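Predicted model only: the values in this text are computed from it and were never measured.
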Amino acid sequence: RFAYNVIIRYFGHSGQLDLAMETFREMKGMGLEPDVYTYGFLVNAFGKAGRVQEARKFFDDMRDRGLTPNIPTYNLLMDTFRKVGQLDAALELFAELKKRGFRPSVVTYNILLDSLCSAGRVRAAKKVFNKMAGDGCTPDSYTYSTLVNGLGKAGRVEEAHKVHREMVDGGVVVDLVTYNSLLVTLAKTGNMERVWKLMKEISRKGFRPDAISFNTIMDALGKCNKPDAAHEVFGRMVESGCKPDLISYNILIDSYARFGDAARARQTLEEMLDEGFVPETKTYNSLIHGLGMDGQVDEAFALFEEMESKGCSPDVVTYNRLMDMLGKRGENKKAALLFQQMKDRGIKPDTISYTVRIDGIAYDDRLDDALMLFKEMKAMGCAVD
RNA sequence: GUACUGUUGUUG
């Protein structure tokens, strides 16, 4: 049974759900009783793939077989709910496990906190955070990164900073992830002085800033239209012995692109190819954006073709970007063709797709058509925001 | 003998 469990875990981990299922059936066929680990791995496998329904079914099956789920299995299911943003289901499960007399672990609390934060309920998250110690769960470094990250994403920079200080002063064993979480928060405010101060502190504490640390700073600079400063950080990164990764290049390309420097963006693409990295759809999307910013619409479309030949399929972002470009130049015929093309290719338009199309059409004063699209958008189940 | 959680990148 142990061997089967290991195999199921492996297949789940690598996303080969059919094989995991096959192994599960084979195991039962051999007359071996699945245990809580077996079911836990299955919940995890399907949960990771976002298949909540099935994950939940395995959890229930486990009970029907007379097995009692333990805390890690509860955590696995709860984390599945978190990943797909089903806060209510997560809260319900938490209430249930307590009612059944289980003691949540720190992990349970961490998942709960993250669920609340991702749903924007930062206030509630803080309350839970304040209560967890009384429930026998001492916050750990995961707890703090989750909270700092949540507060930061909610724009509550000072609170995030305060929580971080509390953690450091309170003697919690910190790691680089907790520092990076705060770094992201500070970087987004554009206050580089604070960012570099934190970088110093990171080193002083004996950590080496990693690619995520540097990428975070580069991204912040790029977003404030300082591609050269971002490039400088790239240099520092290399100097300090930290190897740039695919994301570093994507960020750098995006920095140049949003600044409108298509030439530099392209040059960076060449550099990343030289370094042996394989560009992604995201990479091309940034480049296309850059060409659009630079007014090089034909070049943008050339790249649109090129990306395909390099094995990067355009996605909804690519199409949105191109349609917006065309709409803003009044080329609505072409934009409409692209819109049709994306649907034909099975790329589901999202809220942004409809928004840019409606926007383009509205420039043409074709309000009836715009209204029709608006209706279609709702009919397609697209959120109207 | 086996498990669960946190940090960075692309579009309106």
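Under the 4.5 Å side-chain criterion, counting only non-hydrogen atoms from C-beta, A:Asn180 is in contact with A:Asp210.
If you chain together ILVMFWY residues whose side-chain heavy atoms come under 4.5 Å of each other, A:Phe11 ends up grouped with A:Ile7, A:Tyr10, A:Leu19. Grouped with A:Phe2 in one hydrophobic cluster are A:Val6, the linkage being side-chain heavy-atom contacts under 4.5 Å among Ile, Leu, Val, Met, Phe, Trp and Tyr residues.
The CE-P distance, from A:Met377 to B:G12, rounds to 15 Å in whole Å. Between the CG atom of A:Leu182 and the C1' atom of B:G6 there is a distance of 14 Å, given to the nearest Å. Residue A:Tyr319 contributes atom OH, which lies 18 Å from atom P of B:U11 at whole-angstrom precision. Distance CG (A:Leu113) to P (B:U5): 15 Å, rounded to an integer number of Å. Atom CZ of A:Phe339 and atom P of B:G12 are 17 Å apart (whole Å). Counting to the nearest Å, the P atom of B:U8 and the CD1 atom of A:Ile202 are 14 Å from each other. Here the P atom of nucleotide B:U8 and the CZ atom of A:Phe214 are 17 Å apart, to the nearest Å. Atom OH of A:Tyr109 and atom P of B:C4 are 21 Å apart (whole Å).
At the heavy-atom level, A:Asp315 lies nowhere under 4.0 Å from the strands shown. Within the nucleic acid shown, A:Val184 comes within 4.0 Å of sugar-phosphate atoms alone, with no base atom in reach, counting heavy atoms only. Counting any heavy atom pair closer than 4.0 Å across all strands shown, A:Asp385 reaches a base atom. Across all strands shown, A:Val356 has heavy atoms under 4.0 Å from sugar-phosphate atoms exclusively, and none from any base. No engagement by A:Lys83 is indicated, since no non-hydrogen atom pair under 4.0 Å with the nucleic acid exists. Counting any heavy atom pair closer than 4.0 Å across all strands shown, A:Thr178 reaches a base atom.
Closest contact between the side chain of A:Phe2 and the listed nucleotides B:U11, B:U2, B:G6 involves B:U2. Considering only side-chain atoms of A:Lys282, the nucleotide from B:U10, B:G6, B:U2 that sits closest is B:U10. Each of B:U10, B:G12, B:U11 was ranked by its minimum atom distance to the side chain of A:Asp254; first place goes to B:U10. Closest contact between the side chain of A:Asn75 and the listed nucleotides B:U7, B:U11, B:C4 involves B:C4. Of the listed nucleotides (B:G6, B:U11, B:A3), B:G6 has the atom at the smallest distance from the side chain of A:Asp114. Between B:U11, B:U8, B:G12, one nucleotide has an atom nearer to the side chain of A:Thr351 than all others, and that is B:G12. When distances run from any side-chain atom of A:Ile352 to the nucleotides B:U5, B:A3, B:U11, the shortest one goes to B:U11. Distance from the side chain of A:Arg82 is smallest to B:G6 among B:G6, B:A3, B:C4. The side chain of A:Ile111 lies closest to B:C4, out of B:U2, B:C4, B:U10. Closest to the A:Ile212 side chain, of the nucleotides B:G1, B:G12, B:U7, is B:U7.
For NZ of A:Lys343, the number of neighbouring non-hydrogen atoms (other residues, nucleotides, ligands) closer than 6.0 Å is greater than 12.
Put simply, A:Arg357 has no side-chain N or O that comes within less than 4.0 Å of OP1 or OP2 on B:G12. Taking only side-chain nitrogens and oxygens, A:Lys223 comes nearer than 4.0 Å to OP1 or OP2 of B:U10.
Take A:Lys131 and apply the side chain to side chain donor-acceptor pair (under 3.5 Å) test, not counting sequence neighbours, and it matches no residue. Residues satisfying the salt bridge (Lys or Arg N to Asp or Glu O under 4.0 Å) test with A:Arg121, not counting sequence neighbours, are none.
Ring-plane geometry between A:Tyr144 and A:Phe129 is classed as perpendicular, the angle between the planes exceeding 60 degrees on a 0 to 90 degree scale with a lower cut at 30.
No N or O donor and acceptor, one from the side chain of A:Asn180 and one from the base of B:G6, sit under 3.5 Å apart. In terms of polar N and O atoms assigned as donor or acceptor, the side chain of A:Asn5 never comes within less than 3.5 Å of the base of B:A3 in a complementary pairing.
Minimum interatomic distance between A:Pro209 and A:Cys242 (heavy atoms only, all atoms of both residues): O-SG, 4.2 Å.
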Name each donor-acceptor pair under 3.5 Å that joins a side chain in residues 110-117 of chain A to protein atoms two or more places apart or in another chain, with its distance.
{"residue": "A:Asn110", "atom": "OD1", "partner": "A:Thr143", "partner atom": "OG1", "Å": "2.7"}
{"residue": "A:Asn110", "atom": "ND2", "partner": "A:Val106", "partner atom": "O", "Å": "3.4"}
{"residue": "A:Asn110", "atom": "ND2", "partner": "A:Asp140", "partner atom": "OD1", "Å": "3.3"}
{"residue": "A:Asp114", "atom": "OD2", "partner": "A:Arg82", "partner atom": "NH1", "Å": "2.9"}
{"residue": "A:Ser115", "atom": "OG", "partner": "A:Ile111", "partner atom": "O", "Å": "2.8"}

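Only A:Ser141, A:Tyr142, A:Ser145, A:Thr146, A:Asn149, A:Lys153, listed by number, bring a heavy atom of residues 128-160 of chain A to less than 4.0 angstrom from any atom of RNA chain B.
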